[in-house]
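Report on one structure; see the data block that follows.
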Amino acid sequence: MYSSQTSEVRKREVVSHFLAEITQEAMEIDRQNTPSTGEGKQESKTIVVLLMGPPGSGKSTFCDEVIRISARPWARICQDIINNGKSGTKIQCLSSAATALKEGKSVFIDRCNINKEQRADFLKLGGPQTEKHAIVLDIPAKVCISRSVKRTEHEGKLQGGKAAAVVNQMLSKKELPKLSEGFNRITFCQDERDVKEAIGVYGSFGPLDSLPSGCFGQKMLDTKTQQGIMRFLKKVDPSGNAGSGPTVVEKSITNEIPVKRLGKGDKLDIASTSGDVDSCNIYTLAFPSISTADFQFNLERASDIIVEKVEEFVSRIGKSKIRLLLVDLSPESKILSMVKTKAVQKNVGSNKFFTFVGDITRLRSQKGLQCNVIANTTNWRLKPGGGGVNAAIFKAAGPELEIATKERAETLSPGKAVVVPLPSSSPLYTREGVTHVIHVLGPNMNPQRPDCLKGDYGKGCKILREAYSSLFEGFLSIAQGVGSEHNIERPLESGGVQEVIPTNDDLKTKRGAVYESDKNKKYKGSGGATKAWGSWAQALYNIAMHPDKHSNVVLEAQVHLLVLARADGLDSIADVRREHIPLLKTMHAVGLKWAEKLINENGSLLFRLGYHSVPSMRQLHLHVISQDFESSHLKNKKHWNSFTTPFFLDSVDVMKELEDEGKVTLKNDSKFLEMELRCHRCRSAHPNIPRLKSHISSCQAPFPAALLQNGRLVSSEVTANFCN
DNA sequence: GTTCTAGAAC
DNA sequence: GTTCTAGAAC
């Protein structure tokens with residue numbers, strides 16, 4: 001923090017020093033140009049014209065057109081090409097502009113100049129005689145994006161899907177210029193006609209002419225609101241529809257949720273342009289509108305209350321990585337569009353609140369949207385059935401939810417909520433990554449249902465508010481790790497083998513998770529026995545040596561579990577000899593049993609069983625890892641490569657080599673961990689982890705042939721059995 | 001393992 | 001300007 005501040009200060013010093021110099025030079029020029037006698041001869045004055053607008057708004061075209069028809073000497077200072085045709089820095093622009101002014105040229109500052117801060121230094125250029133103008137190309141975002149996307153030879157190399165991201169990003173920072181910043185004249189252009197007109201004005205603006213000061217062309221438009229909306233949207237509308245009008249904006253909100261995978265193939269780049277593939281780090285509550293379906297609560301009132309309660313909650317949580325998602329199955333949902341409109345009007349939620357069309361029980365599997373907690377609008381008996389969300393959630397979660405619910409509460413009063421941790425065996429947990437269901441009971445206005453309020457909206461609104469408060473409170477308590485009691489399973493009794501399932505829970509709850517890592521550079525290549533282990537690398541050893549103290553250490557995870565050997569002194573595959581074959585077989589059998597159990601629960605899972613060539617944690621452990629690699633803990637190249645390159649030794653191969661050779665010869669090669677990132681299925685290469693993750697979330701290519709042999713890949717189709 | 005951060009990449 | 005990686009410290 002300190003050092004970054006220092007460097008920022010230093011940067012400013014450099015800039016202001018530099019500015020002082022060029023300003024002085026410009027003033028000298030001005031003095032030379034200013035006639036010392038009071039003769040009436042009019043001198044030509046230089047002007048600095050700052051273009052302002054996102055990529056695709058037509059800044060360069062504007063300059064080119066004016067320069068083409070103008071009698072005045074101009075220089076176009078374009079940040080995109082200032083560095084020998086490549087993009088350069090603001091300082092280069094300032095320097096180049098100062099030089100041009102010195103030569104008596106007027107200058108166009110052709111860069112986005114999107115906010116006051118970006119413009120400030122350019123307004124210091126030249127002397128007091130130098131006029132400062134702004135041309136604001138306030139063109140609809142939609143137009144800018146489509147232009148940016150279409151261009152193939154743009155100087156700034158801003159092409160394709162990235163353009164949408166950049167345009168939106170920039171618009172979120174837009175601050176229209178004001179005369180008070182130091183401008184003599186500001187021209188606003190909102191469409192092509194305005195632009196043409198301005199080109200005409202500046203094109204015929206001769207060296208000796210002057211233009212009236214002030215603001216021109218600004219239409220009635222509440223830019224404050226626009227900015228608010230842009231901030232609300234923050235991220236990109238992947239469809240490129242982010243516009244400045246509220247109609248477009250509403251659509252954007254729906255699309256705005258970062259989605260890992262919308263479809264297949266052609267839409268793959270959506271994730272990368274939305275720039276939020278790490279959205280799994282945001283703790284999310286998905287909730288249906290309470291009471292507005294079967295309980296027939298008035299939509300107008302309900303939407304007011306939702307917006308009110310969300311606003312209240314969002315202001316409380318500050319910058320926490322938490323978000324709320326109002327979900328409805330129907331794209332035509334009235335409540336969704338009403339809430340959307342009101343949220344936009346009130347500018348609620350910033351990037352913390354979204355509306356979303358989808359099945360609340362399938363947000364991850366269908367929409368690629370990870371929600372940690374979902375709310376269930378239930379009935380007073382907390383029982384399945386009744387149709388709607390309640391039936392769907394109980395059905396999707398399986399009997400596990402019923403049982404877990406029963407342990408918590410038998411009934412629920414209107415306005416109240418109950419938090420139920422979902423057992424890891426629930427399909428909603430394994431398939432969707434949902435860790436908790438919060439049952440909430442809203443007020444009922446339907447005479448066919450119990451506790452009907454008979455139109456008493458005084459009471460009804462109070463209860464509905466209370467219901468949302470209870471719901472959000474429950475969510476917050478989970479998010480903060482308070483009251484999150486996780487179900488604990490007993491480890492299987494299996495001879496000298498202890499199992500640990502590390503969690504891939506996004507939250508740091510109080511349960512202590514043990515994660516497997518790949519390696520600790522210092523120990524690279526060293527054998528197992530003499531290795532010095534860091535304290536965290538000891539964790540598995542401690543569990544294996546003292547299982548009594550850790551008898552209930554089974555940490556939940558959807559996709560990755562470890563089978564530990566209890567033998568002391570056996571830290572890695574390098575230590576393993578022929579006599580350990582029975583142990584390895586047992587470990588394999590245990591791993592396989594778990595894999596099959598998990599596959600039974602979720603037929604789409606595929607597993608590989610194997611060892612790391614050089615483990616990062618001591619105590620021999622077998623990885624049983626599902627091949628979806630959907631985990632927020634998979635963060636870097638080493639993680640990925642440790643499971644998808646020959647660094648990962650399939651258990652079946654290890655056992656075979658032990659039988660044939662008596663030991664396992666390690667290639668002992670760290671190069672595997674440094675290899676480029678390749679999809680484990682189709683082997684395509686990807687530049688970084690987020691892009692890779694985005695790809696693997698939808699890649700359905702068959703696995704490489706080698707994996708399909710000898711039972712290396714365990715799936716619902718393959719019933720590999722290497723033990724017994 | 002996590003967190004922090006500089007600087008590279010975009 | 002933002003995103004991403006990788007190295008260092010813990």
Side-chain angles (χ1 to χ4, degrees), chain A residues 1-8 10-11 54-55 79-80 83 86-91 93 111-115 117-119 148 154 156-175 234-236 258 269 271-279 281 321 351 500 502-508 511-524 533-543 555 557 560 562 612 615-619 621 631-642 670 673-677 686-694:
Chain A
M1 199 55 188
Y2 177 75
S3 67
S4 84
Q5 261 177 0
T6 325
S7 81
E8 184 56 29
R10 204 170 295 134
K11 199 161 112 197
Q79 184 157 348
D80 284 341
N83 191 9
K86 285 190 269 183
S87 68
T89 63
K90 185 172 153 193
I91 291 181
C93 293
R111 63 200 289 280
C112 299
N113 295 311
I114 208 77
N115 56 30
E117 195 192 336
Q118 286 290 325
R119 296 185 288 264
S148 306
H154 181 260
K157 299 275 186 324
L158 192 56
Q159 297 165 21
K162 217 176 264 179
V166 173
V167 169
N168 282 292
Q169 216 284 102
M170 249 178 214
L171 286 176
S172 71
K173 304 214 168 93
K174 184 172 87 171
E175 282 169 21
K234 189 94 170 68
K235 303 276 177 173
V236 191
D269 64 333
S272 55
T273 54
S274 78
D276 204 353
V277 276
D278 70 334
S279 63
N281 286 329
K321 278 194 159 184
N351 51 357
V500 173
T503 173
N504 63 4
D505 197 340
D506 286 338
L507 271 202
K508 307 299 165 287
R511 57 183 161 172
V514 180
Y515 304 113
E516 168 60 9
S517 88
D518 5 78
K519 77 108 311 344
N520 206 324
K521 192 165 144 215
K522 280 176 270 178
Y523 310 137
K524 205 183 288 179
W533 297 92
S535 60
W536 62 263
Q538 294 271 13
L540 297 182
Y541 174 82
N542 296 337
I543 291 166
L555 304 164
H560 184 191
L562 304 182
H612 280 160
S616 51
M617 298 179 90
R618 81 178 285 191
Q619 198 63 22
H621 53 279
S631 165
S632 57
H633 290 282
L634 203 158
K635 285 177 181 158
N636 60 43
K637 188 180 251 188
K638 285 188 204 161
H639 289 159
W640 176 254
N641 284 339
S642 73
S670 58
L673 297 179
E674 307 300 325
M675 278 170 29
E676 61 195 342
L677 298 167
H686 299 271
N688 55 45
I689 291 286
R691 297 268 279 279
L692 173 78
K693 283 192 165 186
S694 153

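Comparing C:dT5, B:dT2, B:dG1 by their closest approach to the side chain of A:H639 singles out B:dG1. Checking C:dT5, B:dT2, C:dA6 against every side-chain atom of A:K637, the shortest atom distance belongs to C:dA6.
In this structure, A:H686 places its NE2 atom 21 Å from P of C:dT3, rounding to the nearest Å. Going from atom CG of A:L634 over to atom C1' of C:dT5 covers 14 Å, rounded to whole Å. If you take CZ of A:R691 and C1' of C:dT3, they are 11 Å apart, rounded to a whole angstrom. Atom CG of A:L692 and atom P of C:dC4 are 13 Å apart (whole Å). The NZ-P distance, from A:K693 to C:dT3, rounds to 16 Å in whole Å. Atom CD of A:E676 and atom C1' of B:dA9 are 17 Å apart (whole Å). Separating the CG atom of A:N636 from the C1' atom of C:dA8 is a distance of 14 Å, rounded to the nearest angstrom. Residue A:K635 contributes atom NZ, which lies 12 Å from atom P of C:dT5 at whole-angstrom precision.
Partners of A:N688 according to the side-chain contact (heavy atoms from CB on, under 4.5 Å) rule, which considers only residues two or more places apart in sequence or in another chain, are A:P690, A:R691.
Nearest heavy atom pair, residue A:P55 against residue A:C112, reads CD-SG, 4.0 Å. When all heavy atoms of A:H686 and A:L692 are compared, the pair lying nearest together is CD2-CD1, 3.7 Å.
Across A:H639, A:K637, A:H612, A:K638, a single residue satisfies side chain to side chain contact (heavy atoms under 4.5 Å, CB included) together with A:L673, and that is A:K638.
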